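First comes the structure, then the notes that go with it.
Model, not experiment: these values are computed from the prediction.
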Amino acid sequence: MSDKDSLEIVDKIFKMVFNRKNNMNLDELLEKFAFDVKLPKQVNDSVTNEVTWADSIHSGKFITNKNMEEKDSTTGWMLEKRNIDSLEDIIKIWNSINLTTTERVYDSINVSKSDTIYNCENVYRSTGCSRCKNVVFCDSCGNSEFLLASSRSGTCSFSIRTDDSKDCSNSYNVICSNKVTNSLFVQDCFNLYECMFCSHIANKRYCIANMQFEEDEYFEIKEAVIDWILNS
């Protein structure tokens, strides 16, 4: 997926969450919204030296999933038997073949700069996602679409920084919550609609910091909050 495709996805998410157009590039979005999300890192294939992306970089030696499969189907990975005189001999031989596979993408289409992606479509620099569509800078999300900078969430849509949550939509910065819609800054809540800065409450609408507001008061404050989010 190209950078242009990714920004088009972000534009749609911004429209649903903030009712604003996104004016940031991908680097700026990464710094502002995904600064703490576990994302694949850029490394180099140890055989071809081409750029690739891995969700684990500890080994220091890599091979793209495509190049691994190509070798498997041509020369194969088995070695001729050699004399082994010590454990060091075994470790040395193993190190020559023990490459961390990168860009592991299975049954998915239009995926770039990502690793461990399953049954997804339109994914940009994400990891551990399954059955997702149109996600950017996400970690371990499932059955979701149009997510930006979200982690460990399921059946969510059009949301930014939704973490450890389920069935949330059109929201920003939702943590450990369920059934949250059109809301900003919510933690440990259930079934909220148009709420902001709320924690540990359920079945509410037009609340700010766990206080009940009138609808017109709420939306006036919400506009100021969105300005603050995007301009701070």
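With sequence neighbours excluded, the residues forming a ring pair (Phe, Tyr, Trp, His ring centres under 6.0 Å) with Phe18 are Phe14, Tyr172, listed by chain and number. Applying the salt bridge (charged side-chain N to carboxylate O under 4.0 Å, His left out) criterion to Asp5, with sequence neighbours excluded, gives no partner residue. Take Ser169 and apply the side-chain contact (heavy atoms from CB on, under 4.5 Å) test, not counting sequence neighbours, and it matches Ser157, Thr181. Taking the side-chain contact (heavy atoms from CB on, under 4.5 Å) definition, one finds that Lys66 meets it with Thr64, sequence neighbours left out. Residues satisfying the side-chain contact (heavy atoms from CB on, under 4.5 Å) criterion with Lys4, sequence neighbours excluded, are Ser2, Glu8. Not counting sequence neighbours, the partners of Ser59 by the side-chain hydrogen bond (donor to acceptor under 3.5 Å, both in side chains) test are Thr100. Annotation: side-chain hydrogen bond (donor to acceptor under 3.5 Å, both in side chains) contacts of Ser126 (sequence neighbours excluded): none. Ser165 is linked by a side-chain contact (heavy atoms from CB on, under 4.5 Å) to Ser153, Thr162, Cys168, Val174, Ser177, counting only residues two or more places apart in sequence or in another chain.
Contact annotation: the side chain of Thr48 approaches that of Asn67 to within less than 4.5 Å [non-hydrogen atoms, C-beta and beyond].
Evaluation of the ring-ring contact (aromatic ring centres under 6.0 Å, His included) test over residues 38-60, restricted to residues two or more places apart or in two chains, returns none. Legend: ring-ring contact (aromatic ring centres under 6.0 Å, His included) pairs involving residues 77-122, not counting sequence neighbours, sorted by first then second residue: Tyr106-Tyr118. Applying the ring-ring contact (aromatic ring centres under 6.0 Å, His included) test to pairs two or more places apart or on separate chains, those with a residue in residues 122-160 are Tyr124-Phe137, Phe146-Phe158. Screening residues 105-116 for salt bridge (charged side-chain N to carboxylate O under 4.0 Å, His left out) gives Arg104-Asp115 as the qualifying pairs, with residues at least two apart or on separate chains.
Between Gly60 and Ser46 the shortest heavy-atom distance is O-OG, 4.3 Å. Taking each heavy atom of Asn44 and Thr52 in turn, the nearest pair found is C-CG2, 4.1 Å. When all heavy atoms are compared, the tightest approach of Cys138 to Ala149 is SG-N, 3.9 Å.
Salt-bridge formation is detected for the pair Glu194/Lys222: a Lys NZ or Arg NE/NH1/NH2 atom is positioned less than 4.0 Å from an Asp or Glu carboxylate oxygen.
The backbone N or O of Phe33 lies less than 3.5 Å from a partner atom in the side chain of Arg161, making a donor-acceptor pair.
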* Worked verdict on Leu192 versus Ile201 for side-chain contact (heavy atoms from CB on, under 4.5 Å) -> CA-CA 8 Å; Leu192 299 190; Ile201 61 174; 4.0 Å; yes

